[in-house]
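Within every chain, numbering begins at 1; the chains are lettered A, B, ... in the order of the sequence lines, protein sequences first and strands thereafter.
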Amino acid sequence: MRTVKAAFALAVVLASGCTGLIGSHGSDTQVGGELCVQGAPPPTTRVRRLTKGEIQRSTTAILGMDTTSALANLDADVPINGGSGFTNSDALVVSDSFANGLNLAAETIGTAFKATVTKTAYGSTCYGSDSAAATCAETFIRKTGKLAFRRDVTDDDVTALDAVYMAGRDTGTDGDVGDRFATGLSWVVRAMLQSPDFLYLTELGDPAVANGGKTTLTSNEIASALSFSVIGLPPDDDLIAAAAANQLGDGDARAAQVDRLIAAYPDAWKQQMRLFVPQWLGINYGRPEWAKDTSALPMFSSDLKDALQTETQMFVDDWATSSDGARVDALLTSSSTFVNSVNAPLYGVSVSGSTFQKMALDPTQRAGILTFGGFLGSTSHVAETSPVMRGKVIMQKFFCQDPPAPPANVPPLPPVDQGPPTTTRARFDTHLASDACSGCHKLFQPMGDAFEEYDAIGAFRSEQNGFPIDSSGVLVGATGGDKPVANAIELVKLLAQSGQTDDCVTRQLFRFTVGRPEVPFDSCMLTETAQNLHGADLRQVLTAIIKSDSFVVRTVNIQ
Amino acid sequence: MSKRYSDPSRRTFLKTLAAAGAASPLVGLFRDAWADVPANAPRFVVFYSPHGYSPMYWKPRAADGTSAAGVTGWTLNFPNSSLAPLEKHKDSLVLLEGLDLSTDTLNKDFYTGGHNATSVLTGWHPQSGESTPGQYLAKGASIDVYLAKLLNTTEFLFIPTGYNGNSNTIGAFRADGTAIAAEYSLKRSLANWFASVGTGATDPKAAARKNANTAVLDYVSGGANRLRGRLAGAEKAKLDAHLDALSGITQRLNAVVSIACAKPTNAPDGDGAVPSGDKYMPIVFDFAAELFACNLTRVINMSIDPVNSGAAPWLATQDPIFKTATLHNDIAHGYRPDDANSQRLLSIVTSFYAQQVSYFIDALKKIPEGTGTVYDNTIILWINELGDPARHMHTNVPFVLAGGGGTYAKGRYLAYGLGIEDKNPTDSHGKLLTSLVNQYGANLSVFGDPTYSGELPML
C-alpha cells in the first residue's frame, strides 16, 4: 500500500536544516505515527474572507451590474504563502488597506447603483412620500440582503440597515423623495458590501453546540462553501433550494451538486481551474521576474508575455473541459498548446494572425504545461534561468515539501571564479559543490537542471554562450530511489506517472478547495482519494473532498 | 521583575512626558527635544531597506576621510561611502554599528535562517504559526504599532513593491503577533487619507455625509463584533484586525486636518505601472511628508526598497552590473567581507537608500512647526534585517537614527561589539527598541524579549 507522507515529512526536513539527516525529500520514513490518522478531531470552526475575484463576481450577481472597474483598486488576489498557498485562503484578513479599498469601492458601486433606482424599476409608490419610500427600502433590504448574506435576512438585520438608510437618504436632495430614496438605497448597498455577513464565508455550524463539541455546517454555509469552491460564485437557486430542503448534509447530494454546477456553469468552472492550475504550479505573470531583460532575451516583449498568458488560459480551459476529464497526466504531457503569430516563434512554429489555434508541438521538445513559456518564464530570473527556482517549484508542487530557508550564519562560500561563467548551470553548480549549500540544494536543484534546455522565457536551446547545454538531471526522492533523467521531457513523464504526484496534487486541490492546509482529520480521505487517482480526472478529487466530512464537520472553538 | 507593556494610554504618555521634561538631566549635546512639543508631535518613522551592509564603506571616517571615526567629528564624505547622501544631515544622526538582533538563531522551537524581518521591529524571535509552515509570526507588537497606539494615531504602512506576486508584509505586527499588511497604492492612499483635505468650499451636505458614513461604519463594526463573539484564537484575531481597520477609517473620518497642507497631486496606482524606483521613491516620500504636514498620522512605517528582487538599472551609471543584477540575489549574495569590490557594489545599493532617506529629511525640514520644523519633532529609525547579507547574519546589523526628536545626543557614531560571533546581550538591538519607546514616554524596562532587557548603553 502506498503511503501519503508529504505534509508530515516536512517537519523533519525543517528540523534537520538539511544537515544530511535527510537524504532525499521523498524518503519513505514515516514521521509522526500513522499517515492516515484515525480519530483525529475535525478542524475548528472558522471564517474565510472572500477573495477580490469572489467579491467582484458576487457583487455583479447581487446588483446586476458590472463592478469590475469599481473594485479595480482593491488589494489584488495573491497566493497566501504559508496559508493554503492559494488565493482563496482562510489566512485572508480585512487589513487596513483592504478595508480602505473596499470602503472606496463600495462608494463607487453605491453611486453607480443609485443611477439604476428608478420609478419604473421600484414602482411609483416608493416615490410618494419618505415613509412610503422607507417601506420600499425595507423590501429592498430583505431581498438584496438575502443575496448578499447568502441567508435569510433577520429583523435585526433590517433594523440595522434601516438606520443606514435613514442616515443615507439625508445626503440626498432635500425635499426630493425620489432622490432621497435612491440615495438611501445606495448607502444600504455601501453598507452591505462591507458587511462581515457578505465578506466572510462562515463555517460555524450550530450555535447551540458547546465549545469543543462537533458540529456540522448549516445548510446555508454548506451551499455557500460548495458553490464558491466549485465555480467561485454565490449559490444559485437550485443550491439555495437544496439548502432550504436540508439536503446538503448528505455527501452524495453534495457530489451531485458538484457535477451539476460544473455542467451548468462551464465558464465559471474554467475560471476556477484558471486560478488553480497556475497557482499550483507557480505560473504567475505578475512576478517581477517577468520584466525580462530584452538584451539577454531579444525575443521577449510585453506582447509575448500577454500572448503566453492567453496561451496558459486557453490551455487550461481546454484541459479542464476535455471530454476525457481534467486528467493530471494530460496536463503534464500534452504536447499541444495554443499559439498565434506572437508566441508561435517561441515554440519554433509559424502561425499568422492574432487568433490563437491549437497546435501540436515537437514532442521531443515539449510535453505538458511545465515545458511551456508560462511556467518556464515564471521560474526564471529576468535575464537567465534559475535551476534553483525551477527545482524548488518541482519539490513544492509535486512532492508538497518546502526546502528550509537558507540557514543563518552559514560559513562563506569559496571565492567566485574571476572568469565569465560558461553556462547558467555551471554557475549554479557552485551550490552543489559547496558543503554548506549542497545539503539542501541537492534536494531540488538537480530537478531544475533538467529544464536547462529552455531559456528564461521558455525558448528551446541547445547551447549557451557557445557551450553545449547539459540538461541531465535527477528526479530526487522518487519512489524506489532517485531517478536520473536526460531532460525535462523525461522528468515530467515520470512525474505524470508518479503516485507521489497523485498524493501531492490531491493535497493541492484540497487546499485550493477548502482554503486551508490539510490537518490529520483530513488524512485518511486524502490518502484514499490519491490512491484512486492514478493521473486521472481531478474532478473526482474535487467531488471526494466535497463529499467528505472534511468539508462539513468542525470542532466548535469559541474560547 | 521586568515591566512588560500592555495597552499604553495617552494619559500615561503625557504624564511620563511631563516628568521627563521636568527632570531632564541633560547637559552639553543633550537636550530635551520634546520640551516644547507641538500638539501633533512627536512623530516616529521607520524606514526598512534590505540587503545588509558593507562595513568598509558604511562606517563613518575621521575628518581626514581615511582614519577610523571617533564618536563625534566624523565625516561620511569619502569614496564609495554608503551614507554620503546623509553627510548634510549628520548633526542630527546617530549611527549604530555592531548591534545584534534580539533573536536566538539556535532556537530549536522554530528554526529561522532567513531574513528575519520579524525580529527587527518586535525584539522577539519569530514564532511559527501552527498550521502555517514558513509563515513568520511575531510574539508581540512591533515598535511602530506600539507607538501608534501610544500616540493615539493611525499608522501609515506602505511598501512600494506591494503585491508583485509577493506578500505585502513589512515587519509590522499586532500585539498578538500577527502580521499587518501594508498599503502599496499611492492612488488608493490618496483617496483614503486625504479625503478630508478639501478645497475649502462649503459643502452643505458634509455633515449628513459624515453621519451616513458613521452609520455605515457602526453597522459594519456591529456585524464584525457579533461574528467575533463566535470565534476564538486566530479566527477571532481576524475580526480584531477587521475592527482595527474600521477604527482607522473612523479616525480619519473624524480627523481635524491642518489647513497648512496640500493634497498630493502625484499618486500612482501600485497595481499599475509606476515610475522606476529612483523616480518613484521621491513621490512616495512627498506623499508621506504631506501626511505629517496635514496632521493625518504621527507614525509611518515604510519600505524604501522600490524593486524587491528586481534590478535597479538607474544604478548602472555607477556600475554596469546594475543593468541586470537583482539587488537581492546578485549583489547581496555576492558580498564577501574580504572582497572590496563586493563591498563597493553593496555600498552603491545602500547609498541609494541613504539618498532616499536624505530626501525625506529634506522634505520634513521644509514643513514649519512651532519654532522649527516637523523634522525637529520626529525620530526616524532606518532599519535593515541583516548584517552580512550573503550569510544571512543576524549579528552586526546597522541602524541609523535621524531626526531632531528624542533626548539623546545627535551627531554620534556608536560602535558596539563588532565580532562576527559576538552574541553579547549587551549589544542586542532590543535595547535600542526599549530606549526608543521610552523616548516617547513608555517607561518600559524592556520592549520585546526580556532576555535583552534594559536601555541601550551609550545612546
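Of the listed residues (Ala191(B), Ala232(B), Ala237(B)), the greatest number of heavy-atom pairs within a distance under 4.5 Å of chain A belongs to Ala232(B). Ranked by heavy-atom pairs under 4.5 Å with chain B, the first of Asp293(A), Thr202(A), Leu161(A) is Leu161(A). Contacts with chain B were tallied for Val164(A), Val93(A), Asn211(A), Thr44(A); Val164(A) has the most, counting heavy-atom pairs under 4.5 Å.
In this structure, Ile249(B) and Ala99(A) approach most closely via the heavy-atom pair CD1-O, 3.8 Å. Minimum heavy-atom separation, Leu227(B) to Tyr200(A): CD2-CD1, 3.7 Å. Of all non-hydrogen atoms in Asp90(A) and Lys238(B), the two that sit nearest each other are O-NZ, 2.6 Å. The heavy-atom pair separating Lys205(B) from Asp170(A) by the smallest distance is NZ-O, 2.8 Å. Taking every heavy atom of both residues into account, Asp197(A) and Arg226(B) meet most closely at OD2-NH2, 4.3 Å. The two atoms that bring Ala215(B) and Ala167(A) nearest to each other are CB-CB, 3.8 Å, heavy atoms only.
Both the backbone and the side chain of Ala160(A) come within contact range of chain B, judged by heavy atoms closer than 4.5 Å. Of the atoms belonging to Gln559(A), it is backbone heavy atoms, and not side-chain ones, that fall under 4.5 Å from chain B. Looking at Leu231(B), both its backbone and its side chain come within 4.5 Å of chain A, counting heavy atoms on both sides. There is no contact between Asp338(B) and chain A, counting heavy-atom distances below 4.5 Å.
In this structure, the separation between CE on Met166(A) and CG on Asn211(B) is 14.5 Å, given to the nearest 0.5 Å. Atom NE2 of His242(B) sits about 10.5 Å away from atom CG of Asp96(A), to the nearest 0.5 Å. With rounding to the nearest 0.5 angstrom, the CD atom of Glu235(B) is 9.0 Å from the CD atom of Glu203(A). Here CG of Asn557(A) is found 9.5 Å from NZ of Lys236(B). Values are rounded to the nearest 0.5 Å. The OG1 atom of Thr324(B) sits 11.5 Å away from the NE2 atom of His381(A) when rounded to the nearest 0.5 Å.
Side-chain contact between Ser95(A) and Ile180(B): absent, with no pair of heavy atoms (C-beta onward) separated by less than 4.5 Å. Residues Leu104(A) and Arg188(B) form a side-chain contact, since some pair of their non-hydrogen atoms from C-beta on lies under 4.5 Å apart. Two residues are said to be in side-chain contact when any heavy atoms from C-beta on lie closer than 4.5 Å; Val47(A) and Leu239(B) meet this criterion. By the 4.5 Å heavy-atom criterion applied to side chains, Tyr219(B) and Arg190(A) are not counted as neighbours. Looking only at side-chain heavy atoms (C-beta outward), Arg230(B) and Thr45(A) stay at 4.5 Å or farther from each other.
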